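These numbers were taken from a predicted model, which means no experiment stands behind them. Atoms within each ligand, like the ligands themselves, are counted from 1 in listed order.
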Amino acid sequence: MIVPDAPPGLSPGASPGLTETAPPTTVQNLPPAGISWDPPAGDLFTADPISQAATVGAIATLVSHCTKCRLCEGRTHTVPGEGPDDARLVVVGEGPGRVEDETGRPFVGPAGELLTKILAAIDLPRDRVFICNVVKCRPPENRQPQFDEIAACLPYLHRQIEIVKPKVILAMGNTAAQTLLNAKQSLGSMRNHVHRFRGIPVIVTYHPAALLRNPNWKRPTWDDVRIARRLLD
Ligand code: URA
Ligand code: SF4
């Protein structure tokens, strides 16, 4: 599955928008800069338990009692995310599916098996990656999370990223990309750029569940995750 050569769209000069005036220190062959977004950071002086949580375990405990949105009603388990507090890569998906709700673990169903393979292909054992979702409770019938549910849950994700301080974030699918970048663009238009979230590079790619339905997207996904890999090195 590993394709060692740079894919056609990423050769120098072939990337859309890659400028010829890039300074010599720019990492070659990376896509151009995308959206930067600086959401309000937590205030040191508030008593908000989320901004005071110091570990991803503390966030998981808060999530386990959370009733801030209607998704708490149908859940079996909360799925806060898992991985080391000091992971270099954070993967963000949309929300727990059936198997995730049953187990309390992110990305363990069919889409998760594919994610594990994708990570292994860039030499990242999944236990070295922090893997989580935009919403921490399963939406009924796996529907997309609604705007108010995302808004209610987002402080947990923001704090998780703040604690882990990854070198790179991989946003998988529309919901993760649009939420992290506070943008409305399509996934296709957000791919092929290095975006930033609070200064951390964000790579946008297809959701593994979409890849299971549409194997044609595997190749572009592979291109995206290799960019993430290069930013980690
Ligand atoms: N899809 C997601 O977005 N997240 C999971 O954890 C599983 C499937
Ligand atoms: Fe709380 Fe998020 Fe679950 Fe909603 S989805 S109840 S905000 S943890």
Side-chain angles (χ1 to χ4, degrees), residues 39 42 48-53 56-83 87 89-119 124 126-127 129-164 169-181 187 190 202-214 217-218 221 224-225:
D48 169 29
I50 300 178
S51 43
Q52 304 224 319
V56 291
I59 294 289
T61 303
L62 293 173
V63 165
S64 71
H65 303 121
C66 181
T67 55
K68 286 202 240 182
C69 86
R70 65 183 80 76
L71 296 182
C72 69
E73 293 161 16
R75 74 186 175 209
T76 309
H77 293 104
T78 52
V79 185
E82 66 184 23
L89 178 68
V90 167
V91 170
V92 183
E94 178 174 289
R98 183 179 56 82
V99 190
E100 290 78 18
D101 177 65
E102 281 166 8
T103 59
R105 298 185 56 208
F107 280 102
V108 287
E113 283 171 26
L114 181 54
L115 173 62
T116 303
K117 284 186 198 156
I118 292 170
L119 293 174
L124 275 179
R126 91 169 247 156
D127 62 5
V129 177
F130 188 78
I131 301 175
C132 63
N133 286 296
V134 170
V135 293
K136 315 302 191 192
C137 303
R138 183 194 184 195
E141 313 298 329
N142 294 347
R143 67 159 168 74
Q144 280 195 349
Q146 292 169 1
F147 184 78
D148 58 332
E149 296 159 354
I150 292 174
C153 213
L154 200 49
Y156 297 118
L157 177 64
H158 284 174
R159 186 68 187 137
Q160 286 172 320
I161 293 172
E162 224 166 56
I163 293 168
V164 175
I169 299 171
L170 182 64
M172 302 196 95
N174 252 314
T175 301
Q178 293 183 344
T179 301
L180 276 170
L181 301 174
L187 189 100
M190 285 188 280
V202 178
I203 298 295
V204 171
T205 196
Y206 294 102
H207 191 285
L211 298 184
L212 291 173
R213 291 191 298 267
N214 193 338
W217 289 340
K218 284 192 182 175
T221 302
D224 298 333
V225 295

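- Taken from OH in Y156 to CG in L62, the straight-line distance is 6.0 Å, to the nearest 0.5 Å.
- At least one heavy atom of R75 sits closer than 4.0 Å to an atom of ligand 2.
- The closest approach between a heavy atom of G95 and any atom of ligand 1 is below 4.0 Å.
- At least one cation-pi condition fails for K218 and Y206: the charged atom is not both under 6.0 angstrom from the six-membered ring centre and inside a 45 degree cone around its axis.
- When D101, T78, V99 are each tested for a side-chain contact (heavy atoms from CB on, under 4.5 Å) with R138, only one passes: D101.
- Taking 2.8 Å as the criterion, C72 does not count as a coordinating residue of atom 4 (Fe) of ligand 2, since none of its N, O or S atoms falls below it.
- Counting protein heavy atoms only, atom 1 (Fe) of ligand 2 is closest to C66 SG, 2.3 Å.
- The backbone N or O of L187 lies less than 3.5 Å from no partner atom in the side chain of Q178, so there is not a single donor-acceptor pair.
- Checking C137 against atom 3 (Fe) of ligand 2, an N/O/S atom falls under the 2.8 Å cut-off.
- The existence of a salt bridge linking R126 and E82 is confirmed by a sub-4.0 Å separation between a basic side-chain nitrogen and an acidic carboxylate oxygen.
- At least one N or O atom of F107 sits closer than 3.5 Å to an N or O atom of ligand 1.
- Annotation: atom 4 (Fe) of ligand 2 to nearest protein heavy atom, C69 SG, 2.4 Å.
- Listed by number with element, the atoms of ligand 1 under 4.0 Å from a non-hydrogen atom of P106 are 6 (O).
- Summary of contacts: the protein heavy atom closest to atom 4 (N) of ligand 1 is N133 OD1, 2.6 Å.
- Salt bridge annotation for K117-E113: absent, with no cationic side-chain nitrogen under 4.0 angstrom from a carboxylate oxygen.
- Near C153, with a cut-off below 4.0 Å to any heavy atom, the atoms of ligand 2 are 2 (Fe), 5 (S), 7 (S), 8 (S).
- Close contacts of ligand 1 with G93, meaning ligand atoms under 4.0 Å from a residue heavy atom, involve 3 (O).
- Side-chain polar atoms of S51 and D48 form a donor-acceptor pair below 3.5 angstrom.
- At a threshold of 4.0 Å, the pair E149-R143 counts as salt-bridged, since one of the basic side-chain nitrogens sits closer than that to a carboxylate oxygen.
- Between E162 and R159 there is a salt bridge, since a side-chain N of the basic residue sits under 4.0 Å from a carboxylate O of the acidic one.
- For H207, every heavy-atom contact with ligand 1 shorter than 4.0 Å involves the side chain, none the backbone.
- Contacts between E94 and ligand 1 below 4.0 angstrom, taking non-hydrogen atoms only, involve backbone and side chain alike.
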